Asks: 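If you scroll down you'll find the structure; I have some questions about it.
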Amino acid sequence: MTGNVAQFEKLNVADTCSLWNILASRLLSVTAEAVGVKLCSTTFVRYECLHKPGPPRPERQELQRRLRGRIANGSIQWHPIDIEDLQELEILRNRKRVSVGELSVIIFARKTRQAVLTDDIGAQKLARQELGAALVQSTPHLFAWLYFNSQMNDADKDQIVTDLQSLGRSLHPHLNEYHTEAQRCRALANQPNQSSLS
């Protein structure tokens with residue numbers, strides 16, 4: 001597990017996987033948006049989400065419908081990668097086996113000094129090298145931060161797991177790990193200051 005559950009950058013450049021995971025749970029999506037978490041991404045990710053050929057699965061169609069709704073209301077913006085960034089993308093691509101969408105997210109986040117939101121382990125490792133650990137976040141980290149700040153509760157975690165499973169997504173072990181850490185940190189934060197008693 002990486003990431004401080006007490007901190008979360010609100011401006012995020014999200015990759016395909018993290019967009020799908022957040023959109024798979026209306027509860028998580030609405031709660032994050034309500035506290036000011038902003039998502040944007042690159043045109044490469046838009047292609048992966050909406051135009052890349054693939055089998056017409058009902059789960060994917062539902063996620064695409066939800067994404068189109070967020071695009072229509074202006075809550076997700078798309079940004080192109082400049083021509084000079086494409087060379088850097090190719091250099092990074094030769095270093096790690098991650099998708100072009102994930103690479104474009106890392107490059108755009110570095111360029112704009114925003115956090116990367118990715119649930120892909122390989123992309124997280126590369127992003128930590130390129131941006132530093134504080135600017136690499138994930139969907140379980142988002143949940144844990146919301147939980148730590150009392151925006152979500154224990155039953156919400158179960159609902160998120162159910163929501164994701166209903167659309168063929170799974171973050172169950174990672175959500176459990178981050179939930180446990182958020183519980184621990186919240187308990188520590190709520191302890192009375194022992195030094196003030198002496």
Side-chain angles (χ1 to χ4, degrees), residues 2-3 8-26 28-29 32-33 36-143 164 167-171 174:
T2 59
F8 191 85
E9 294 291 327
K10 290 187 177 182
L11 300 178
N12 290 270
V13 186
D15 68 1
T16 301
C17 191
S18 61
L19 278 175
W20 285 159
N21 288 335
I22 290 172
L23 293 173
S25 173
R26 287 191 174 103
L28 180 60
S29 180
E33 192 171 7
V37 173
K38 304 282 187 203
L39 301 177
C40 74
S41 196
T42 67
T43 52
F44 284 100
V45 171
R46 179 179 63 194
Y47 170 78
E48 287 181 352
C49 290
L50 298 176
H51 305 293
K52 187 174 181 178
R57 297 186 323 268
E59 299 88 358
R60 184 166 193 240
Q61 291 171 338
E62 174 59 21
L63 290 169
Q64 287 175 328
R65 187 189 66 72
R66 293 181 188 186
L67 179 58
R68 285 185 179 101
R70 294 285 299 270
I71 293 167
N73 73 19
S75 61
I76 295 180
Q77 305 285 319
W78 305 104
H79 301 281
I81 295 295
D82 296 334
I83 291 174
E84 59 267 16
D85 295 328
L86 294 176
Q87 182 178 5
E88 185 176 3
L89 191 147
E90 202 53 42
I91 292 167
L92 289 178
R93 188 181 201 175
N94 291 331
R95 287 178 44 200
K96 295 285 181 179
R97 291 186 176 261
V98 296
S99 78
V100 172
E102 291 159 345
L103 292 172
S104 70
V105 163
I106 293 168
I107 290 168
F108 186 75
R110 186 175 64 197
K111 188 174 182 176
T112 58
R113 297 187 179 110
Q114 295 182 74
V116 165
L117 186 66
T118 180
D119 295 329
D120 180 87
I121 302 300
Q124 288 173 2
K125 288 178 184 176
L126 181 58
R128 279 194 291 277
Q129 292 170 3
E130 296 297 317
L131 304 168
L135 291 177
V136 182
Q137 305 181 138
S138 66
T139 304
H141 181 189
L142 170 61
F143 163 76
L164 267 67
L167 289 172
R169 318 279 319 155
S170 178
L171 290 174
H174 305 291

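What's counted below: heavy atoms across the whole structure, side chains too, no hydrogens, waters or symmetry copies. In this text the structure is predicted, and so the values were computed from the model without any measurement.
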Asks: Let me confirm one number: the CD-CG distance from E102 to D15, rounded to the nearest 0.5 Å.
Replies: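 Going from the CD atom of E102 to the CG atom of D15 covers 5.0 Å.
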Asks: Apply side-chain contact (heavy atoms from CB on, under 4.5 Å) to residues V136 and H141 and explain how you reach the verdict.
Replies: CA-CA 10 Å; V136 182; H141 181 189; over 6 Å; no
Asks: Go through the steps for W20 and L67 under the test side-chain contact (heavy atoms from CB on, under 4.5 Å), then give the verdict.
Replies: CA-CA 8 Å; W20 285 159; L67 179 58; 4.0 Å; yes
Asks: Quick check: closest heavy atoms across Q137 and A115, and the distance to 0.1 Å?
Replies: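 Reported closest heavy-atom pair: NE2-CB, 3.6 Å.
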Asks: Any side-chain to backbone donor/acceptor pair from E48 onto G101? Under 3.5 Å, distance only.
Replies: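 Checking the backbone N and O of G101 against the side chain of E48, a donor-acceptor pair under 3.5 Å is found.
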Asks: Rounded to the nearest 0.5 Å, what separates atom CG in L171 from atom CG in L28?
Replies: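 Nearest 0.5 Å value for the CG-CG distance: 9.5 Å.
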Asks: When you compare the side chain of V105 with that of T118, does any pair of heavy atoms fall below 4.5 Å?
Replies: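 Not touching, per the 4.5 Å side-chain cut-off.
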Asks: Given side chains that start at C-beta, do those of S41 and W78 come closer than 4.5 Å, heavy atoms only?
Replies: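 Yes, their side chains come closer than 4.5 Å.
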Asks: Please give me the minimum heavy-atom distance between Q124 and S138, naming the atom from each residue.
Replies: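 Of all heavy-atom pairs spanning Q124 and S138, the closest is NE2-CB, 3.7 Å.
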Asks: Counting distance only, does the side-chain N/O of N12 pair as donor-acceptor with the main-chain N or O of A14 below 3.5 Å?
Replies: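 Checking the backbone N and O of A14 against the side chain of N12, no donor-acceptor pair under 3.5 Å is found.
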Asks: Minimum heavy-atom separation for A109 and V116, please, with both atom names.
Replies: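 A109 and V116 have their closest heavy atoms at CB-CG2, 3.4 Å.
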Asks: As an exercise, state the distance from CG of N21 to CG of L142, rounded to the nearest 0.5 Å.
Replies: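 If we round to the nearest 0.5 Å, N21:CG and L142:CG are 11.0 Å apart.
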Asks: Can you find a heavy atom in the side chain of L63 that is under 4.5 Å from one in the side chain of R169?
Replies: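 The answer is yes; the side chains approach within 4.5 Å.
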Asks: Do you know the tightest heavy-atom contact between L23 and S29?
Replies: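 So the minimum-distance heavy-atom pair works out to CD2-OG, 4.2 Å.
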Asks: Could you give the distance from CD (Q64) to CZ (R57), rounded to the nearest 0.5 Å?
Replies: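 The distance works out to 9.5 Å.
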Asks: Does any part of the side chain of F8, heavy atoms only, come nearer than 4.5 Å to the side chain of L117, both counted from C-beta?
Replies: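 Side-chain contact under 4.5 Å: yes.
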Asks: Write down the atom of C49, the atom of R60, and the distance for their closest heavy-atom approach.
Replies: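 Shortest heavy-atom contact: O-NH2, 3.4 Å.
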Asks: Test side-chain contact (heavy atoms from CB on, under 4.5 Å) on L50 and I71; report intermediate values, then the result.
Replies: CA-CA 11 Å; L50 298 176; I71 293 167; 3.9 Å; yes
Asks: For the residue pair L103 and L126, establish whether any side-chain heavy-atom pair is separated by less than 4.5 Å.
Replies: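 A side-chain contact under 4.5 Å exists here.
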Asks: Side chains of P140 and D119, heavy atoms from C-beta outward: is any pair under 4.5 Å?
Replies: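 They are in contact (side-chain heavy atoms under 4.5 Å apart), so the answer is yes.
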Asks: Can you find a heavy atom in the side chain of V37 that is under 4.5 Å from one in the side chain of I22?
Replies: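 Answer no - side chains too far apart.
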Asks: Begin from the C-alpha positions of R70 and E33 and carry the test side-chain contact (heavy atoms from CB on, under 4.5 Å) through to its verdict.
Replies: CA-CA 11 Å; R70 294 285 299 270; E33 192 171 7; 3.9 Å; yes
Asks: With side chains defined as the heavy atoms from C-beta onward, is the minimum distance between F143 and S25 less than 4.5 Å?
Replies: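 The answer is no; the side chains never approach within 4.5 Å.
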Asks: May I ask you to say whether R26 pairs ionically with E62, meaning some side-chain N is under 4.0 Å from a carboxylate O?
Replies: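 A salt bridge links R26 with E62.
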Asks: Atom NE2 of H51 and atom CZ of R46: how far apart are they, to the nearest 0.5 Å?
Replies: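 That separation rounds to 6.0 Å.
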Asks: For the atom pair CZ (R66) and CG (L19), what is the distance rounded to the nearest 0.5 Å?
Replies: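 The CG atom of L19 is 13.5 Å from CZ of R66, to the nearest 0.5 Å.
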Asks: Looking only at non-hydrogen atoms, find the nearest pair between Q61 and P56 and report the distance.
Replies: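 Looks like NE2-CB, 3.7 Å.
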